[in-house]
Amino acid sequence: MRRRFGPRVRPVPDVAVTSLEQNDSWRARHALRTRITSAFVVGLVRSLYATYRLRVHRLDELVPSSGGAILLTWHGRTLIPANLLRNRGYWALISLSRDGELQNAIFQRYGFQTVRGSTGRGGIRAAIEVASKLRAGGILTFTPDGPRGPSHKVQHGVIFMAQKSGVPIIPVGISASRRWQLKSWDQYMVPKPFATIWFVVGDPIYVPPVVDDVLRDELARTIEVAINRLERDAELRCGHSTYPSDWRLA
């Protein structure tokens with residue numbers, strides 16, 4: 001038998017193509033898991049929500065007749081507004097994080113329009129995009145202490161959006177008579193079945209078109225105190241007599 005001389009040639013897989021195929025496969029699996037999880041979460045929460053006794057104080061003040069507005073409550077109290085305000089075409093600003101993918105899917109199932117971005121990633125671009133939606137009459141639901149906290153502390157992004165759009169900020173306080181509170185940074189509240197819910201709407205807060213650093217900090221404190229006072233009001237209406245001392249009320 002004649003022996004062949006020379007190097008043995010072995011086929012080498014195309015690493016770049018294999019990596020792309022793996023990424024596409026991972027994205028497809030992740031998207032499927034997100035769709036399934038979001039459907040399960042929304043179905044479960046809608047079932048719970050159907051048992052609640054909802055009370056809204058000053059519902060007529062929730063959306064000004066003049067058009068756009070920014071509706072604010074704390075990150076740990078979003079379950080109720082997500083259900084109460086569903087299917088109205090309101091806007092929500094959702095983080096670009098991996099957790100944000102699930103939140104985005106959940107809010108879209110509730111009928112919200114979404115813009116992706118946060119104070120950490122894509123913040124300025126997202127804030128400018130939201131401001132244009134607000135100037136056109138859109139309504140934004142927003143959590144000024146999200147997406148990572150600290151809890152009950154207003155970050156400046158909401159002031160920027162109100163400044164650029166000219167629409168009022170509407171603070172909201174929310175509580176439940178019976179609830180679970182998760183051990184998360186925002187102490188996320190899940191009302192128990194058949195709980196009484198109070199949704200208390202406050203007076204509008206306007207941000208002028210020109211804001212310096214001193215005024216920006218003052219506005220952040222004003223908004224923080226407004227939401228906390230409304231939340232304490234909702235807590236009292238739900239039978240909770242104490243309110244954390246480190247959440248500013250004055």
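The analysis underlying the following values was restricted to heavy atoms, covering all of them including side chains, and did not include hydrogens, waters or symmetry mates. All values reported here derive from a predicted model rather than from experimental measurement.
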Q: For residues Tyr52 and Lys192, report the shortest heavy-atom separation together with the two atoms involved.
A: CE2-O, 3.1 Å

Q: Flag the pair Leu236 / Tyr243 as yes when at least one side-chain heavy-atom distance between them is below 4.5 Å, and no otherwise.
A: no

**Q.** Single-linkage hydrophobic cluster Leu219~Val225, side-chain heavy atoms < 4.5 angstrom
**A.** no

Q.
Tell me whether Gln113 contacts the main-chain N or O of Tyr90 through its side chain, where contact means a donor paired with an acceptor under 3.5 Å.
A. no

Q: State which residue, out of Thr222, Ile70, Val207, fulfils the side-chain contact (heavy atoms from CB on, under 4.5 Å) condition with Ile159.
A: Val207

Q. What pair of heavy atoms forms the shortest contact from Ser184 to Asp186, and how long is it?
A. OG-OD1, 2.6 Å

Q. Can you check whether Trp74 reaches Ser151 side chain to side chain, under 4.5 Å on heavy atoms?
A. no

**Q.** Minimum heavy-atom distance between Ala82 and Phe112, given as atom pair plus value
**A.** O-CE1, 3.5 Å

Q: Please report the shortest heavy-atom distance between His57 and Val200, naming the atom on each side.
A: CD2-CG1, 3.8 Å

(Q) Could you check whether Glu129 pairs with Arg116 (Lys NZ or Arg NE/NH1/NH2 to Asp/Glu carboxylate O, under 4.0 Å)? (A) no

Q. Do NZ/NE/NH1/NH2 and the carboxylate oxygens of Arg216 and Asp212 come within less than 4.0 Å?
A. no

Q) Can you name the closest pair of heavy atoms from Ala250 and Arg229 and give their distance? A) CA-NH2, 4.0 Å

Q. Are Leu48 and Leu85 co-members of a hydrophobic cluster defined by side-chain heavy atoms under 4.5 Å apart?
A. yes

Q: Please determine which of Gln108, Arg109, Arg33 meets the side chain to side chain donor-acceptor pair (under 3.5 Å) test together with Ser38.
A: Arg109

Q.
How long is the straight-line distance from CG of Leu102 back to OG1 of Thr37, given to the nearest 0.5 Å?
A. 6.0 Å

Q) Roughly how far, to the nearest 0.5 Å, is the OG1 atom of Thr143 from the CG atom of Leu72? A) 8.5 Å

Q. According to a 4.5 Å side-chain heavy-atom criterion applied to Ile, Leu, Val, Met, Phe, Trp and Tyr, with indirect links allowed, do Val190 and Val41 form part of one hydrophobic cluster?
A. yes

Q) Has Arg237 got its NZ or CZ under 6.0 Å from the middle of the six-membered ring of Trp198, at an angle within 45 degrees of the ring axis? A) yes

Q: State yes or no: do Ile106 and Leu182 share one hydrophobic cluster built from I, L, V, M, F, W and Y residues joined by side-chain heavy-atom distances below 4.5 Å, directly or via other members?
A: yes

(Q) Set out, in order, the CA-CA distance, both residues' side-chain angles and the distance that settles side-chain contact (heavy atoms from CB on, under 4.5 Å) for Ile174 and Thr78, then state yes or no. (A) CA-CA 9 Å; Ile174 301 167; Thr78 56; over 6 Å; no

Q) With side chains defined as the heavy atoms from C-beta onward, is the minimum distance between Leu59 and Val201 less than 4.5 Å? A) no

Q. Leu93 versus Phe142: any side-chain heavy-atom pair under 4.5 Å?
A. yes

(Q) Contact between Arg77 and Ser175 at the side-chain level, heavy atoms closer than 4.5 Å - yes or no? (A) yes

Q.
Please determine whether residues Leu140 and Val115 belong to a single hydrophobic cluster, defined as Ile, Leu, Val, Met, Phe, Trp and Tyr linked transitively by side-chain heavy-atom distances below 4.5 Å.
A. yes

Q.
Between Thr141 and Trp91 (side chain of the first, backbone of the second, donor and acceptor by atom type, cut-off under 3.5 Å), is there such a pair?
A. yes

(Q) I'd like to know if Arg179 and Glu235 make a salt bridge, using a cut-off of under 4.0 Å between side-chain N and carboxylate O. (A) yes

Q) Between Arg178 (side chain) and Pro193 (backbone), is there a donor-acceptor pair under 3.5 Å? A) yes

Q: Fit a plane to each ring of Tyr188 and His75, take the angle between them on a 0 to 90° scale, and name the class: parallel (under 30°), tilted (30 to 60°) or perpendicular (over 60°).
A: perpendicular

Q: Can you see which heavy atom on Asn87 is nearest to which on Gly111, and at what distance?
A: OD1-CA, 3.6 Å

Q. What distance do Ile128 atom CD1 and Ile124 atom CD1 have between them, rounded to the nearest 0.5 Å?
A. 6.0 Å

(Q) Could you measure the distance from the CG atom of Leu215 to the CD atom of Gln163? Nearest 0.5 Å is fine. (A) 9.0 Å

Q | Option among Arg248, Gln187, Glu231 that satisfies the side chain to side chain donor-acceptor pair (under 3.5 Å) test with His152 | A | Glu231

Q.
Please determine whether a side-chain nitrogen of the Lys or Arg among Asp203 and Arg58 lies less than 4.0 Å from a carboxylate oxygen of the Asp or Glu.
A. yes

(Q) Any side-chain to backbone donor/acceptor pair from Ser177 onto Thr196? Under 3.5 Å, distance only. (A) yes

Q) Does the side chain of Phe194 reach to within under 4.5 Å of the side chain of Arg53, using non-hydrogen atoms? A) yes

Q: Please round to the nearest 0.5 Å and tell me the distance separating atom CG of Asp213 and atom NE2 of His156.
A: 8.0 Å

Q) Can you tell if the side chain of Asn83 reaches within under 4.5 Å of the side chain of Val45, non-hydrogen atoms only? A) yes

Q.
As an exercise, state the distance from CG of Leu134 to CD1 of Ile139, rounded to the nearest 0.5 Å.
A. 7.5 Å

Q. Checking Arg55 side chain against Phe199 main chain: does a donor-acceptor pair fall under 3.5 Å?
A. no

Q: Could you please spell out the steps behind the side chain to side chain donor-acceptor pair (under 3.5 Å) verdict for Thr114 and Asn104?
A: CA-CA 7 Å; Thr114 60; Asn104 190 60; 2.7 Å; yes

Q. Is a side-chain N or O of Gln155 found less than 3.5 angstrom from the main chain of Gly149, in a donor-acceptor match?
A. yes

**Q.** Note, Asp145 side chain near Pro150 side chain (heavy atom, < 4.5 Å)
**A.** no

Q: Carefully, step by step, assess Ile197 and Tyr49 under the rule side-chain contact (heavy atoms from CB on, under 4.5 Å).
A: CA-CA 10 Å; Ile197 310 295; Tyr49 187 79; over 6 Å; no

Q: Using modelled atom types only, decide if a donor and an acceptor are shared between the side chain of Arg135 and the backbone of Lys164 within a distance under 3.5 Å.
A: yes

Q) Is it true that a side-chain atom of Thr73 and a backbone atom of Val172 form a donor plus acceptor pair closer than 3.5 Å? A) yes

